[in-house]
Structures are given as structure tokens and as C-alpha cells.
Protein chains: 2
Amino acid sequence: MIKIGEMSKRTGIPVTTIRYYEKVGLLPAPGRLESGYRLYNRAHLERINFLKNTRKLGFSQQRIKALVSLLENPNRTSEKVKISVQSQLEEIREKRLLIQNIENQLKQIIAKCDGGEKSECPILETFHEET
Amino acid sequence: MIKIGEMSKRTGIPVTTIRYYEKVGLLPAPGRLESGYRLYNRAHLERINFLKNTRKLGFSQQRIKALVSLLENPNRTSEKVKISVQSQLEEIREKRLLIQNIENQLKQIIAKCDGGEKSECPILETFHEET
DNA sequence: GTTTGACTCTATACCTACTGTAGAGTCTAG
DNA sequence: CTAGACTCTACAGTAGGTATAGAGTCAAAC
Ligand SMILES: [Zn+2]
Ligand SMILES: [Zn+2]
Ligand SMILES: [Zn+2]
Ligand SMILES: [Zn+2]
């Protein structure tokens, strides 16, 4: 049984964020000392690692909650988990395509400008076109 | 001279967003009718198109403000504009690399799961590893 | 001439996913 | 016993908007 500071050290997740995860329902409320200090167990540590890993992969809180309820459901199937992660992959892929599109547009816009000392700049012209 | 609803129609930017741009200093405060209604001119229309175009390219408000002050500075140079947009490109490129990295990790994780009816799932195991 | 409907105004709350701070209480080492 | 580290709650702030509520205004139809 560890206090929140120790949990923070072990997981690398800030104390404030751990409390926040409890508040938004991603982490079950732990027991408390008489003083009110939170006391976490092994299950909490595992859950925080789960949150840390899914967060790193860009999962939204909503999607993480869906995954967690699968995790907690003894009738879950490997298939359902896979489908959920595939949706995440699709979302990320679309984001990547969007950003790649922006990247290409920026490259094209930059190519139009010779970077001289004049105040006229084709980039600025592009930026106030009506679209 | 047009009212905010007409401006919204011409630019495709919602009325609330136009007011918001004024509030955060991206759009100069327009004149007003006696009733308090905002009245925009051609320069405002151009500015909103500028905001629309740069926003579409993922520029932050801070960066847009920097660009706008270049735009308003008669001593600006094409080079300075180019440098600013190049920084934006670099930022976007880094975001794209990050998201591409996530995408690849997700693909690898998904590949580990056969998607069967059992409750064990290598994806879930991956997600609560300590990292 | 008035009434209806569309439009506009301000102010405030909400969104995601946190982070930071104020002010008060608690624990532990010297 | 006290100093310093830790923890608590509650609230404000971040970016970049979106969405209400409640009040006032304008133009056209009746
Ligand atoms: Zn699986
Ligand atoms: Zn121009
Ligand atoms: Zn240029
Ligand atoms: Zn496990």
C-alpha cells in the first residue's frame, strides 16, 4: 500500500494527474488513511500503467474508458479488444493523413517564395486568398 | 460595410468565432452601429480569410499573431515571412512523425492479436506493461 | 402601427486532457 | 518540538473554440 507521491514516482505520472484520473473515473477511488491520504494497491498501479500506455498511443479518455470496461468484464473477448484498437488505428491514420496534407501544402507554399528582402511575398498573397 | 451574419456567410466562419477572434486580438475591433451591431469593412474580410487560411494549415494563434504583425509592418521582408512559415512546417513535420510513430506501434500491437473469442488478449497485456 | 421572425448583443459555461496554485492539514527526521 | 516534505480540497488557467441564456434590434408582413 503506497501513498500518492510514491505512486507518482513509480509510474512517472504527476500527482495532480493521478488525482485527476480518479475524478474523471479512469482510476477507482482508493482507500484512505484516517488523515484522508490516499492509499493505493497493486491494482491501482496496474491501472495507472494501463492509462499511461494507452495515453501514449493517443487514445481519448472515452476510448480508454471503453477499453477499461472491457478489461473489467470477464466475458470480454480478444476480438472486441482488437476491434476497439483498430478503431483507434483508423482515427490516428486519418489524423496522420490530414497532417501530411498540411505538410505538403506548406512545402508548396514555401517553394513559391524566394525569401528576398522585398516586402512583397507570395506566401502572404496565398494566405489572404478567398477560399 | 456588412454585419456579422453577412461576414459569416461570406467567409464560412461562424458568427461566434468571428467575435472570438476579436476578443483574442486576431481581428481588429470593427465600428459599431448605434445599436451596438458590429460593422465590418473589406479589410476585416481580408483578415478573416487570412485567419481561415492559416488556421487550416494548423498555425497556432500565437504564430498567426506573429504573421499578422509582419503583414502589418511595412518594413517586413519576404524572407521573414518565409522563415516563419518554415518554422510552422518544421512543427507540423514533428507532429506527423510522432503520429506516424503511434500509428506503427498500433499496427504492431494489433498484429499480435488473433481476434478470437477468448478473454486473454495480448493487446491488453501490452497495455499494462510497466514502461 | 404593430407584431413576428431573424438577427445581434453580452456574459457565461462547456469541451479535452490536463497543469498549477492557494491555503490548510499531516507526517517524519533531527 | 519543530522544520520541511507531503497531502488534502477547491478553484483557475491552458488552446481554440462551441453553445447557451436572456435581452435588445431590425425589417417586412399584416
Ligand atoms: Zn486480442
Ligand atoms: Zn493581397
Ligand atoms: Zn516570401
Ligand atoms: Zn497482465
Side-chain angles (χ1 to χ4, degrees), chain A residues 1-27 29-41 44 47-48 50-68 88 91-92 94-95 98-99 102, chain B residues 1-27 29-41 44 47-48 50-68 88 91-92 94-95 98-99 102:
Chain A
M1 301 295 272
I2 57 176
K3 285 186 283 185
I4 199 166
E6 177 66 16
M7 180 62 100
S8 173
K9 261 180 219 150
R10 291 204 200 169
T11 59
I13 301 297
V15 166
T16 47
T17 304
I18 296 175
R19 287 196 282 250
Y20 168 74
Y21 284 156
E22 178 182 336
K23 195 174 160 195
V24 298
L26 285 172
L27 181 65
R32 301 267 184 152
L33 287 174
E34 286 187 12
S35 60
Y37 284 21
R38 290 169 177 83
L39 267 195
Y40 295 102
N41 60 28
H44 293 107
R47 172 65 61 86
I48 291 175
F50 188 91
L51 299 177
K52 188 180 166 189
N53 289 325
T54 48
R55 189 181 65 160
K56 263 195 215 156
L57 293 170
F59 283 77
S60 68
Q61 288 190 359
Q62 205 176 11
R63 222 183 265 287
I64 294 178
K65 276 186 191 169
L67 265 183
V68 162
Q88 172 66 7
E91 207 171 300
I92 287 289
E94 274 161 24
K95 262 193 199 159
L98 258 174
I99 209 162
I102 288 176
Chain B
M1 302 294 272
I2 57 176
K3 284 185 284 186
I4 199 167
E6 178 65 17
M7 181 62 99
S8 173
K9 261 180 219 152
R10 290 204 200 170
T11 58
I13 300 296
V15 166
T16 47
T17 304
I18 295 174
R19 286 195 283 249
Y20 168 74
Y21 285 155
E22 178 182 337
K23 194 174 159 196
V24 298
L26 286 171
L27 181 67
R32 301 266 186 152
L33 287 173
E34 287 187 11
S35 60
Y37 285 21
R38 289 168 179 82
L39 268 195
Y40 295 101
N41 60 28
H44 293 107
R47 172 65 59 86
I48 291 176
F50 189 90
L51 299 178
K52 188 179 166 190
N53 290 325
T54 48
R55 189 180 65 160
K56 263 195 216 159
L57 293 170
F59 283 77
S60 69
Q61 288 190 0
Q62 206 176 9
R63 220 184 266 287
I64 294 177
K65 276 184 192 168
L67 266 183
V68 163
Q88 172 67 7
E91 206 171 299
I92 287 288
E94 274 161 25
K95 263 192 197 160
L98 258 175
I99 208 160
I102 288 176

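Order of the sequence lines sets the chain letters (A, B, ...), proteins ahead of strands, with each chain counted from 1. None of the values given here were measured: they were computed from a predicted structure.
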Take the protein atom CD1 of B:Ile18 and the nucleotide atom P of D:dT18, then report the distance between them rounded to whole Å.
-> 11 Å

Starting at atom CG of B:Leu33, determine the distance to atom P of D:dA27, rounded to an integer number of angstrom.
-> 9 Å

Shortest non-hydrogen separation from B:Ser8 to B:Ile13 and the atoms involved = OG-O, 2.8 Å

List for me each residue that meets side chain to side chain contact (heavy atoms under 4.5 Å, CB included) alongside A:Leu39, sequence neighbours excluded, and say none if there are none.
-> A:Met1, A:Lys3, A:Leu33

May I ask you to check whether over 12 heavy atoms, not counting those of B:Lys65, lie within 6.0 Å of atom NZ?
-> yes

Which ones in residues 55-66 of chain A lie close to DNA chain D, meaning a heavy atom under 4.0 Å from one of its atoms?
-> none

Which residues share a ring-ring contact (aromatic ring centres under 6.0 Å, His included) with A:Tyr37, sequence neighbours left out | none

Between A:Thr17 and C:dT19, is there a side-chain N or O to OP1/OP2 distance below 4.0 Å?
-> yes

A:Tyr20 OH to D:dC8 P, in whole Å, measures 18 Å

Under-4.0 Å salt bridge between B:Glu91 and B:Lys95 = no

Within the side chain of A:Asn53, is there an N or O that forms a donor-acceptor pair under 3.5 Å with the backbone of A:Lys56?
-> no

Please round to 10 degrees the angle between the axis of the first five pairs and the axis of the last five pairs in the helix from C:dG1-D:dC30 to C:dG30-D:dC1.
-> 30°

Can you list the residues that meet the ring-ring contact (aromatic ring centres under 6.0 Å, His included) rule with A:Tyr21, with sequence neighbours excluded?
-> none

Report yes or no: does A:Arg38 contribute a side-chain atom to a donor-acceptor pair with the main-chain N or O of A:Ala29 at less than 3.5 Å?
-> no

Closest contact, heavy atoms only, B:Thr17 versus B:Arg55 = CG2-NH1, 4.2 Å

Using whole Å, report how far OH of A:Tyr40 lies from P of D:dC6.
-> 16 Å

Within less than 4.0 Å of OP1 or OP2 of C:dC18, is there a side-chain N or O belonging to A:Tyr21?
-> yes

For B:Ile48 and D:dG17, what is the distance between atoms CD1 and P respectively, to the nearest whole Å?
-> 13 Å

Would you mind reading off the distance between A:Lys23 atom NZ and D:dA12 atom P, rounded to a whole angstrom?
-> 11 Å

Between C:dA17 atom C1' and A:Leu51 atom CG, what is the distance in whole Å?
-> 12 Å

Value in whole Å for how far the P atom of C:dC18 lies from CG of A:Leu27 | 13 Å

Nucleic acid footprint by protein, nucleotides 1-8 of chain C - heavy-atom cut-off 4.0 Å, B for base, S for sugar-phosphate alone | ------BS

dist B:Phe50:CZ -> B:Leu67:CG (nearest 0.5 Å) comes out at 4.5 Å

Nearest non-hydrogen partners of A:Ile99 and B:Ile99, listed with the distance | CG2-CG2, 4.4 Å

